[in-house]
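Below is one structure, written out as C-alpha cells, with a few remarks after it.
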Amino acid sequence: MRRYRHLLKITALFLIISSIAFFAAAIIKGSLGNSNSYLPRIAFILLITALTLAELLSILDTEKGQESGDRLQSSSSRFFYISALNVLAALFVVYLHTNGNAFFSTPRPKGRLWVTSNFIETFCYWPVPIFIMISGATLMEYRQRYETKIFLEKRFTKTVIPYLAWSLFACAFDVLTLDMEMNWNPVHIIQNIFTSNYMPIYWYFPVQFAIYLSMPLLSAVQNKLKTFLFTIVIGIITICWLPLTCSLLHINYNGALQLPVAGGYLIYTMLGYYLSRVQIGKRSRICIYLSGAAGWLLHFLGTIWISAGSDTLISTYKGYTNLPALLQAAAVFVFFRYLFMNRNLSEKFEKAVYSLANLTFGIYLIHKFLLDTIDARTSVNTNSIIWRLFAPPIIFAVSTGIIYLMKRIPGLKKLVP
C-alpha cells in the first residue's frame with residue numbers, strides 16, 4: 001500500500017510540473033487569456049487532477065482515533081473550534097451577500113469591480129460547505145445522547161418552524177419595504193415559500209432538511225470511519241473531479257456515475273465527521289492547506305480566465321460540490337480544528353465565542369433584510385469597494401444586537417433558536 005501511495009505522490013508531482021509547463025507554453029504563445037485555447041485548458045485539467053490526488057492522499061494518510069486535548073468543552077459540550085468556525089462563517093456569509101449585487105450583476109462587471117468582486121466571492125465561498133461539515137461533526141453521533149424521535153423533533157423545532165415563519169415575514173417584507181406586487185393566491189404563496197422565492201438565501205434550508213432526514217441512516221452505519229472514507233474518496237472523484245474535468249474537455253458528464261450515497265451535499269456531512277474524528281499528521285495538514293489555497297486560486301483565477309471575452313459569468317469553477325469549493329472547505333475546517341489545540345485560551349474569549357456562536361443562526365435569518373432595506377431605501381453605492389469591505393462587519397454587529405434582544409423576548413425567541 002505504501003508503494004502505491006508513493007507512486008501516487010510522484011504522479012501528483014509530475015502532473016503539477018506538467019501543468020506549469022503548459023501554463024508557460026500558453027504564456028509564450030499568448031493564449032493564456034483565451035478560454036478557447038487548448039493549452040491553458042490542458043494545464044487546468046492537469047492541475048485539478050494533481051490537486052485531487054494530493055487531497056485524496058492527505059485524507060488516506062490520516063489515522064483513526066481521538067486526539068487528547070482535541071476538545072475544549074463549553075457548558076453545552078460543543079467543540080470550541082466548531083463555535084469559532086460558526087462565527088467566522090456567519091460573517092463571511094454577510095460578505096458574500098453584501099458583495100452579491102456587484103458580482104452577479106448583468107452584464108457581468110468589468111475591470112477592477114470584476115476582480116475585487118470575484119476575489120471576495122471566491123475567498124468567502126466556504127461557509128455553506130463548512131456549515132454542512134459542522135452538522136456531520138456534531139450530529140452524526142446523536143444516538144449517544146437521545147433517540148431518533150427526539151433528534152427529529154429538535155431539528156423540526158430549530159429549523160422548520162423558523163423557515164416557515166421567516167419566509168412569511170419575507171413575503172410581507174417584499175410588499176411593505178420593497179414595494180413588490182403580491183399575488184395572494186394561497187397556492188402561489190406556498191409555492192414561493194417552498195422554492196424560497198421570497199428570500200432566496202433560504203435555499204439552504206431544504207438542503208439542511210435533507211441532511212437531517214439522512215442522519216438517522218448515516219448515524220446507524222457501523223465502522224463509520226472506514227465506510228465514510230471509502231464514500232468520501234469515491235465521492236470526490238465522481239462528484240467533484242470528473243464533472244469539472246469533463247466540463248473543461250467539453251464532454252457531457254454522465255451524472256449516473258456519481259455515488260448516490262454521497263450525492264447532493266452528503267459528502268460534506270461525512271467529510272466533516274471524518275476530519276473531526278481522525279488524527280491528521282502535520283505533513284497531511286500542510287498538504288490540505290496548500291490544496292485549499294490552490295483550490296481558492298483555481299476558483300478565482302479560473303473564473304476570470306474562463307469568463308474572459310464573455311459578458312456573462314461562466315460558472316465552470318463555481319458550485320459547492322465542485323472541486324475548488326471542497327478543497328477550500330476541507331482546508332478551512334482542518335485549520336480551525338488545529339488552530340486552538342493545546343492552547344490556553346482566556347475564559348472571557350471562550351465565553352464570547354460560544355455566546356456569539358449561539359446567535360449565528362439568527363444572524364443568517366435576518367441580515368439580508370437589512371441589506372435589502374439599505375439597497376432599496378438609501379442611495380448607498382453597494383458596488384463601492386468601501387461598502388463591500390466595511391459594511392459586512394457593521395451589518396453583522398447590528399444583526400447580532402437584534403438577535404440578542406429577540407432571544408430575550410418569550411414570543412420571539414422560538415423564531416431565532
Side-chain angles (χ1 to χ4, degrees), residues 1-12 15 44-64 126 128-130 132-133 135-137 140 207 210-211 213-249 251-280 284 287-288 291-292 294-295 298 316-331 333-334:
M1 187 64 182
R2 290 182 179 179
R3 182 184 303 175
Y4 291 121
R5 290 185 181 181
H6 186 64
L7 180 61
L8 288 176
K9 290 178 181 178
I10 294 175
T11 302
L15 290 172
F44 275 114
I45 291 173
L46 292 172
L47 179 59
I48 65 172
T49 304
L51 291 174
T52 303
L53 285 176
E55 187 74 8
L56 293 177
L57 285 168
S58 300
I59 293 174
L60 290 171
D61 281 340
T62 57
E63 300 176 8
K64 297 178 185 178
W126 51 266
V128 166
I130 286 293
I132 299 172
M133 292 174 72
S135 293
M140 192 67 71
V207 171
I211 290 170
L213 292 174
S214 301
M215 201 68 73
L217 299 175
L218 294 176
S219 65
V221 172
Q222 300 296 320
N223 298 319
K224 290 185 182 64
L225 292 178
K226 283 186 177 180
T227 305
F228 287 175
L229 177 60
F230 171 81
T231 307
I232 290 165
V233 169
I234 303 303
I236 289 175
I237 294 172
T238 63
I239 296 174
C240 303
W241 174 72
L242 267 177
L244 179 56
T245 302
C246 289
S247 178
L248 289 172
L249 290 172
I251 296 174
N252 292 327
Y253 179 62
N254 188 345
L257 292 172
Q258 293 186 347
L259 198 66
V261 294
Y265 293 88
L266 284 179
I267 188 172
Y268 284 118
T269 310
M270 289 178 274
L271 184 62
Y273 175 80
Y274 185 84
L275 292 179
S276 70
R277 294 302 190 277
V278 295
Q279 294 181 5
I280 306 174
S284 293
C287 187
I288 290 174
S291 297
L298 185 66
T316 299
Y317 291 95
K318 298 193 68 61
Y320 289 121
T321 58
N322 208 343
L323 182 66
L326 183 135
L327 295 174
Q328 187 181 22
F333 188 91
V334 173

| Nearest-0.5 Å distance that lies between atom OG1 in Thr316 and atom CG in Leu248 | 6.5 Å

| query | Excluding sequence neighbours, so at least two apart, what forms side-chain hydrogen bond (donor to acceptor under 3.5 Å, both in side chains) with Tyr273? | reply | Glu141

| query | Got a sec, which pairs hit side-chain hydrogen bond (donor to acceptor under 3.5 Å, both in side chains) with one end in residues 258-270, sequence neighbours left out? | reply | none

| In Å, rounded to the nearest 0.5 Å, how long is the span from CD1 of Ile48 to CD of Glu55? | 13.5 Å

| Do you know the tightest heavy-atom contact between Gly295 and Leu327? | CA-CD1, 4.0 Å

| Minimal non-hydrogen separation, Gly292 against Ala331, with atom names | CA-CB, 3.6 Å

| Single hit among Arg277, Met270, Met140 for side-chain contact (heavy atoms from CB on, under 4.5 Å) with Lys224 | Met140

| note | Distance col, row Ile10:CD1 vs Leu15:CG, nearest 0.5 angstrom, shows 12.0 Å

| request: Could you grab the distance from atom CG of Leu298 to atom OG of Ser291, nearest 0.5 Å is fine? | output: 11.5 Å

| said: Run Leu326 and Ile267 through side chain to side chain contact (heavy atoms under 4.5 Å, CB included) and show every step you take. | reply: CA-CA 9 Å; Leu326 183 135; Ile267 188 172; 4.1 Å; yes

| remark: Interatomic distance, CG@Leu57 vs CD1@Ile288, rounded to 0.5 Å, equals 11.0 Å

| request: Please report the closest heavy-atom contact between Tyr274 and Ile59, naming both atoms and the distance. | output: OH-O, 3.6 Å

| remark: Here the pair of heavy atoms bringing Ser276 nearest to Ala137 is OG-CB, 3.6 Å

| field | Min side-chain heavy-atom separation Leu218-Leu266 under 4.5 Å | value | yes

| query | side chain to side chain contact (heavy atoms under 4.5 Å, CB included) with Ala294: which residues, sequence neighbours excluded? | reply | Leu51

| request: Could you pull out the closest heavy-atom pair between Ala329 and Pro129, with the gap in Å? | output: CB-CB, 3.6 Å

In residues 228-245, what donor-acceptor pairs under 3.5 Å come from side-chain atoms, sequence neighbours left out?
residue, atom, partner, partner atom, Å
Thr231, OG1, Thr227, O, 2.9
Thr238, OG1, Ile234, O, 3.0
Thr238, OG1, Leu259, N, 3.3
Trp241, NE1, Thr49, OG1, 3.1
Trp241, NE1, Thr245, OG1, 3.1
Thr245, OG1, Trp241, O, 3.0

| message | Using only atom types and a distance under 3.5 Å, with no angle test, would you say the side chain of Asn322 pairs donor to acceptor with the backbone of Pro324? | response | no

| message | Please enumerate all residues that pass side-chain hydrogen bond (donor to acceptor under 3.5 Å, both in side chains) together with Thr321, with sequence neighbours excluded. | response | none

